[in-house]
Each structure stands twice: as structure tokens, then as C-alpha cells.
A.B. asks: 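Input: one structure, supplied below.
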Protein chains: 2
Amino acid sequence: MTSRREAVRDVLVQSEGFRSAQDIYAELRAGGAKIGLTTVYRALQSLADAGQVDVLRTDDGESVYRACATGTHHHHLVCRRCGHTVEVAGPAVERWAEAVGAEHGFTSITHTVEVFGTCGSCASVASAG
Amino acid sequence: MTSRREAVRDVLVQSEGFRSAQDIYAELRAGGAKIGLTTVYRALQSLADAGQVDVLRTDDGESVYRACATGTHHHHLVCRRCGHTVEVAGPAVERWAEAVGAEHGFTSITHTVEVFGTCGSCASVASAG
DNA sequence: GGCAGAATGAAAACCGTTGTCAAAACCGCC
DNA sequence: GGCGGTTTTGACAACGGTTTTCATTCTGCC
């Protein structure tokens with residue numbers, strides 16, 4: 001029975017930015033879906049394990065999820081106001097991380113890079129209002 | 001009465017990598033200090049507010065703290081095995097983040113960048129043992 | 001219809017963190 | 001040294017997101 005899991009993924013696919021589990025749960029319930037919070041968590045976990053969604057930790061420790069267009073390595077440019085997210089490639093950063101690691105004798109380098117800002121529409125809303 | 005707070009900072013200063021609140025608490029108690037977990041959290045919070053320590057969230061949602069040598073903006077190269085941490089500057093990354101943001105019409109760009117790897121000594125230990 | 005195994009979800013457990021609040025420590029002052 | 005007023009402390013409870021438990025429900029298969 002994967003229908004719940006599909007429902008969870010659908011919410012993510014139709015979302016512009018990162019969403020929390022509780023958030024997704026609330027939306028599904030509001031839409032009349034019969035689903036438990038546990039199932040939402042399980043669905044998100046298995047989607048994340050399958051590499052179908054990206055996971056991030058917010059500053060207050062909440063896990064947030066996003067169905068990204070590309071399955072390849074990328075980073076995120078996130079509007080800190082509306083959550084609008086753009087997937088960005090950063091070959092320069094990849095190289096930099098490798099170089100920095102090598103320089104200090106580190107191997108098996110991985111890295112996390114997230115960029116935050118205020119997107120164009122939020123900026124104009126702010127200046128208008 | 002800042003003695004507890006100093007004790008907390010001392011632990012961080014003498015630590016090579018990032019430490020969790022519970023971790024610091026355990027070390028202080030093990031060393032015979034009379035201190036409560038609440039106080040450790042408060043000390044860490046105020047140290048972080050004062051910019052005297054850097055805070056990070058681990059993948060499992062725990063906050064970890066480190067007394068960094070420089071007060072200026074920098075990133076971390078962390079050994080995922082022993083926690084050994086090197087502070088690294090990344091002007092190229094700073095520029096890249098700004099450029100990526102501007103390219104998509106984002107303003108007030110900030111970013112988080114952490115690099116993980118296996119440090120030299122851990123690598124040799126692993127290959128030796 | 002009946003069965004084995006997977007999926008579900010309500011409730012409880014977990015765990016790091018934060019809030020509460022009374023006791024203790026500290027301060028300037030006399 | 002003794003006294004108020006403020007600050008710090010810490011045991012404990014509360015909080016919130018996440019995970020586990022476990023009995024029930026569903027699914028595919030015969």
C-alpha cells in the first residue's frame with residue numbers, strides 16, 4: 001500500500017520549497033486525507049533513503065524535505081522569507097571543498113552548502129509595503 | 001558569578017572539535033564540577049550570542065559548539081571520525097554564494113558551508129588497523 | 001475465503017532543549 | 001559583619017519533533 005507514500009510525495013512535488021513532516025501532515029489532513037503522522041514520517045524516510053527527496057535541518061532542529069528536480073548533486077538557494085527554492089550547481093564549490101580537504105590531508109571529502117537570501121518578489125513586497 | 005560559564009568555555013577552548021551540551025556537561029561533572037545541565041545550556045547560549053563560540057547542528061539535530069580561534073567569518077573542515085576540526089577561509093565560496101544569489105535575483109545573501117572528511121591520522125589508523 | 005507479510009496509526013517512549021521557580025551566591029552599602 | 005536587591009544556579013517539569021511499539025487493517029496470492 002503505497003498510496004499514502006505517494007500522497008506525501010505529491011505534496012512535496014507540488015511544493016516550491018522545503019516542507020516539514022508536520023507541515024505535510026497538516027496539509028494532507030486539511031485536504032481530507034486519512035493519514036497518520038507516523039506514516040508521513042515513514043514515507044519521508046523511505047523517500048529520503050531512495051534519494052527521491054532532499055533533507056535539510058533547519059536552525060531549530062526540524063527536518064525539512066524537498067523533491068528536487070535533479071537526482072544529481074546540487075545545492076539550494078532558499079528565500080528566507082517565502083521559502084522559494086532554486087537548485088543551483090556549484091562546480092567551483094565542489095573543487096574548492098576538495099582542494100581545502102586535500103590541503104589539510106583530509107580524504108573522502110563531502111560537504112554541505114546552502115545559500116539563503118531574500119528573493120526578488122519578497123524584496124519588492126517588502127519595499128512596497 | 002561567571003565561574004560556571006568560564007568552566008564551560010574552558011572545556012570548549014581545550015577541545016579540538018565541536019562538542020555537544022550534554023557532552024560538556026558530562027565532562028564537567030566527571031571532573032568533579034558542581035554544575036547543572038541547565039547552566040551549561042545557558043552558558044553556551046550566552047557564549048554563542050556573544051559570538052565567542054560557533055554553533056552547528058548535527059545531522060541528528062543536536063547542537064554542537066566550538067570555540068573558534070578567529071572571530072571573523074570562516075568555515076569548518078571536520079573529520080567525521082575523530083571530530084578534529086580545522087578552520088578554513090573560503091573567499092572563493094563567499095564570492096560564489098553572492099554571485100549565485102544575485103544571478104537569481106536574491107539579496108541579503110548568507111550561506112552555510114561545512115566540509116567533512118577523514119583526517120590524515122584517522123586515515124592511517126584505518127589503513128593500519 | 002483464508003493466509004502471510006507489509007502497511008498503518010494512536011499512543012507512548014525518547015531525547016535534546018527550554019521554562020519554572022525557589023534556593024543560593026553575589027553585590028554595593030551601611 | 002550584617003542587610004536588602006539583584007543575579008545565578010540547578011532540580012524538575014514541560015515542550016516539541018521524532019521514533020518506537022503494537023494491535024489492527026490492508027494487500028497480494030492461493
A.B. asks: Return yes when atom CG of Asp59(B) has more than 12 non-hydrogen atoms of other residues, nucleotides or ligands closer than 6.0 Å, and no otherwise.
C.D. replies: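 No, the 6.0 Å shell around CG holds no more than 12 heavy atoms from other groups.
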
A.B. asks: Between P on dT24(D) and NZ on Lys34(A), what's the gap in Å once rounded to a whole number?
C.D. replies: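 Nearest whole value for this atom pair: 18 Å.
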
A.B. asks: Using a cut-off of less than 4.0 Å, is there contact between a side-chain N or O of Gln45(B) and OP1 or OP2 of dT17(C)?
C.D. replies: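 No, no such contact exists.
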
A.B. asks: Within the structure shown, what part of the strands sits under 4.0 Å from Ser63(A) by heavy-atom distance: base, sugar-phosphate, or nothing?
C.D. replies: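 The residue Ser63(A) makes sugar-phosphate contact but no base contact.
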
A.B. asks: Rounded to whole angstrom units, what separation is found between the CD atom of Glu62(A) and the P atom of dG17(D)?
C.D. replies: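 About 6 Å, once rounded to whole Å.
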
A.B. asks: Could you tell me the separation between the CD atom of Glu6(A) and the P atom of dA7(C), rounded to a whole number of Å?
C.D. replies: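 Taking atom P of dA7(C) as the reference, CD of Glu6(A) is at 13 Å.
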
A.B. asks: Test for a donor-acceptor pair under 3.5 Å between the base of dA11(D) and the side chain of Thr38(B), counting only N and O atoms.
C.D. replies: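 Yes, the side chain and the base share a sub-3.5 Å donor-acceptor pair.
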
A.B. asks: Does Arg66(A) pair with Glu87(A) as a salt bridge, N-O distance under 4.0 Å?
C.D. replies: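 Yes, this pair counts.
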
A.B. asks: Whole-Å distance between dG9(C) P and Leu44(A) CG?
C.D. replies: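 Atom CG in Leu44(A) sits about 14 Å away from atom P in dG9(C).
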
A.B. asks: Just how far, in rounded Å, is C1' of dC12(D) from OH of Tyr25(B)?
C.D. replies: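 Going from Tyr25(B) (OH) to dC12(D) (C1'), I get 12 Å.
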
A.B. asks: State whether Tyr41(B) places a side-chain N or O below 4.0 Å from either non-bridging phosphate oxygen (OP1 or OP2) of dT18(C).
C.D. replies: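 No, no such contact exists.
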
A.B. asks: Any chance you could lay out the side-chain hydrogen bond (donor to acceptor under 3.5 Å, both in side chains) test for His84(B) and His104(A), step after step, and finish with the verdict?
C.D. replies: CA-CA 11 Å; His84(B) 179 85; His104(A) 292 88; over 6 Å; no

A.B. asks: Just the rounded figure in Å: distance from P of dT9(D) to CG of Leu37(B).
C.D. replies: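 Nearest whole value for this atom pair: 14 Å.
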
A.B. asks: Using modelled atom types only, decide if a donor and an acceptor are shared between the side chain of Arg5(B) and the backbone of Thr39(B) within a distance under 3.5 Å.
C.D. replies: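 Not at all, since once roles are kept as given, no pair shorter than 3.5 Å links the two residues.
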
A.B. asks: Using heavy-atom distances to pick each residue's nearest nucleotide on DNA chain C, tell me which of Val40(A) and Ala21(B) is more 5'.
C.D. replies: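 Checking each residue's closest nucleotide, the 5'-ward one belongs to Val40(A).
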
A.B. asks: Taking only side-chain nitrogens and oxygens of Arg42(A), does any of them come within less than 4.0 Å of OP1 or OP2 of dT18(D)?
C.D. replies: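 Answer no for this pair, as no side-chain N or O of Arg42(A) is under 4.0 Å from OP1 or OP2.
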
A.B. asks: Whole Å only: how far is the CZ atom of Arg19(B) from the P atom of dG16(C)?
C.D. replies: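 To the nearest whole Å, that distance equals 15 Å.
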
A.B. asks: Name the one of His75(A), His74(A), His76(A) that satisfies side-chain contact (heavy atoms from CB on, under 4.5 Å) with Val113(A)?
C.D. replies: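 For Val113(A), the side-chain contact (heavy atoms from CB on, under 4.5 Å) check succeeds only for His75(A).
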
A.B. asks: Whole angstroms only, please: what is the CD-P distance between Gln22(A) and dG9(C)?
C.D. replies: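 Rounding to the nearest Å, CD of Gln22(A) and P of dG9(C) are 15 Å apart.
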
